[in-house]
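Reviewing the structure listed below.
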Amino acid sequence: MQVKQLHPWPTTTAEAEAVQDRLRGRVELTGPVDFSLVAGLDVHYHGDDALTAAVVVLDAGTMATVEEVTVRGRVAFPYVPGLFAFRELPALVEALERLPVTPDLLVCDGYGLAHPRGFGLACHLGVLTGLPALGVGKTPFVGTHEPPGPERGDWAPIVHEGAVVGRALRTQRAIKPVYVSQGHRISLDTVTDQVLRLAPRYRLPDPIRRADHLARHPG
DNA sequence: GCGACAG
DNA sequence: ATCTTGTCGC
């Protein structure tokens with residue numbers, strides 16, 4: 001699939017923050033509710049600055065894997081909380097460009113709107129591709145929330161600076177919740193529906209689990 | 001002011 | 001993210 005060009009690439013935190021502030025206005029918070037091809041994305045790190053990005057596309061109806069792509073690369077930016085996306089964006093974009101199909105939902109490992117400047121990895125990938133995107137975090141990042149109820153499907157809003165930016169969502173009974181937020185062209189209700197649907201058996205959505213496995217054990 | 005801070 | 005053993009539960 002085709003992805004918008006990344007350059008110019010930031011070299012300082014101020015430049016990276018400026019990129020986020022500039023692209024933030026392009027995020028759309030409504031979009032489709034049904035998806036047929038869902039992509040999971042993840043990155044695995046080796047040593048100091050080597051990484052492998054993986055994208056797995058699955059059929060949303062059957063949950064069968066349709067396409068898999070891995071790309072080896074280098075860390076593209078130092079790790080700074082809030083600028084995490086710049087580490088892995090080039091490798092993830094290259095993996096998406098090598099995909100022979102265009103997915104209609106990106107399931108990202110990290111945050112979307114629930115981010116210090118409202119523009120996490122899921123927003124960035126959504127805006128660059130123009131595709132609906134959502135973010136799934138494994139630990140709380142910004143904002144505050146009550147613990148969700150214990151049942152699968154229970155959730156609590158994540159509030160940051162007076163606005164609801166995501167949800168703490170229980171995907172399995174009595175298992176630690178995941179932290180979901182909108183990336184691009186999707187509503188928070190649809191994010192919740194999709195993450196629940198894509199995580200029928202484990203805490204994390206299947207597309208992310210498969211991408212994680214692929215990044216660790218490339219073809 | 002200080003520490004903590006997605007992966 | 002990664003460095004790491006055993007243990008509990010399905």
Side-chain angles (χ1 to χ4, degrees), chain A residues 10 13-14 16-17 19-21 23-24 27 40-56 70-93 95 106-128 133-145 150 152 157-161 163-169 171-184 188 191 195 199-218:
Chain A
T13 58
E17 288 172 359
V19 170
Q20 292 180 330
D21 290 338
L23 295 181
R24 181 176 44 200
V27 168
L41 299 85
D42 195 21
V43 168
H44 182 244
Y45 294 84
H46 343 259
D48 248 11
D49 66 347
L51 54 79
T52 300
V55 179
V56 175
T70 60
V71 167
R72 291 214 50 165
R74 297 258 153 206
V75 167
F77 204 82
Y79 174 66
V80 180
L83 301 178
F84 161 68
F86 292 95
R87 281 173 83 70
E88 0 189 284
L89 222 29
L92 287 172
V93 164
L106 304 181
V107 179
C108 308
D109 187 11
Y111 281 97
L113 213 63
H115 172 277
R117 276 171 303 285
F119 197 77
L121 174 67
C123 298
H124 212 139
L125 280 167
V127 166
L128 291 179
L134 64 84
V136 180
K138 295 182 281 292
T139 61
F141 186 30
V142 294
T144 59
H145 62 87
R152 168 173 156 84
I158 298 171
V159 177
H160 179 58
E161 294 174 349
V164 173
V165 295
R167 290 175 180 167
L169 172 65
T171 54
Q172 300 298 326
R173 177 173 212 289
I175 300 296
K176 181 164 56 155
V178 294
Y179 305 88
V180 302
S181 54
Q182 291 152 281
H184 185 51
L188 188 50
V191 167
V195 170
R201 175 72 183 87
Y202 301 104
R203 178 183 178 230
L204 291 176
D206 238 61
I208 287 183
R209 291 174 47 85
R210 291 188 208 182
D212 178 89
H213 183 90
L214 180 62
R216 289 173 199 266
H217 311 103

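Nothing here was measured: the structure is a model prediction, and the numbers come from that model. All heavy atoms count here, side chains included; hydrogens, waters and symmetry mates do not.
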Open item on the list: Looking at every heavy atom in both A:P90 and A:A76, which two are closest together, and how far apart are they?
Closed with: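 Heavy atoms only, the tightest pair is CG-CB, 3.6 Å.
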Quick one: [X] [atom1] to [N] [atom2], roughly how many Å, whole number?
X: A:D212; N: C:dT2; atom1: CG; atom2: C1'; value: 13 Å
X: A:K138; N: C:dT2; atom1: NZ; atom2: P; value: 10 Å
X: A:R173; N: C:dG9; atom1: CZ; atom2: P; value: 16 Å
X: A:D48; N: C:dA1; atom1: CG; atom2: P; value: 17 Å
X: A:H46; N: C:dA1; atom1: NE2; atom2: C1'; value: 11 Å
X: A:Q172; N: C:dC10; atom1: CD; atom2: C1'; value: 13 Å
X: A:I208; N: C:dA1; atom1: CD1; atom2: P; value: 12 Å

TODO: Please determine if A:D109 and A:K138 form a salt bridge, counting it only when a charged side-chain N lies under 4.0 Å from a carboxylate O.
DONE: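 A:K138 and A:D109: salt-bridged.
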TODO: Taking only Lys NZ, Arg NE, NH1 and NH2, and the carboxylate oxygens of Asp or Glu, determine whether A:D212 and A:R209 approach each other closer than 4.0 Å.
DONE: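 Between A:R209 and A:D212 there is no salt bridge, as every charged N stays at least 4.0 Å from the carboxylate O atoms.
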With a non-hydrogen cut-off below 4.0 angstrom, is [X] in contact with a base, only sugar-phosphate, or nothing?
X: A:G82; value: base
X: A:G137; value: sugar-phosphate
X: A:L121; value: base
X: A:R216; value: sugar-phosphate
X: A:H44; value: sugar-phosphate

- [ ] Tell me, please, the opening and closing nucleotides of DNA chain B, 5' to 3', among those with an atom under 4.0 angstrom from a non-hydrogen atom of chain A.
- [x]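 The contacted stretch runs from B:dC5 to B:dG7.
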TODO: Could you walk me through whether A:E161 and A:V142 pass side chain to side chain contact (heavy atoms under 4.5 Å, CB included), step by step?
DONE: CA-CA 10 Å; A:E161 294 174 349; A:V142 294; over 6 Å; no
Open item on the list: With a 3.5 Å distance limit and no angle check, can you tell me whether A:R72 reaches the backbone of A:T52 through a side-chain donor-acceptor pair?
Closed with: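 Not a single qualifying donor-acceptor pair exists.
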TODO: Give the intermediate values and the outcome of side chain to side chain contact (heavy atoms under 4.5 Å, CB included) for residues A:L188 and A:L113.
DONE: CA-CA 10 Å; A:L188 188 50; A:L113 213 63; over 6 Å; no
TODO: Please report the C-alpha distance between A:E88 and A:Y45 in whole Å, then the side-chain angles of each, then the deciding distance to 0.1 Å, and finally whether the side chain to side chain contact (heavy atoms under 4.5 Å, CB included) criterion is met.
DONE: CA-CA 10 Å; A:E88 0 189 284; A:Y45 294 84; 2.6 Å; yes
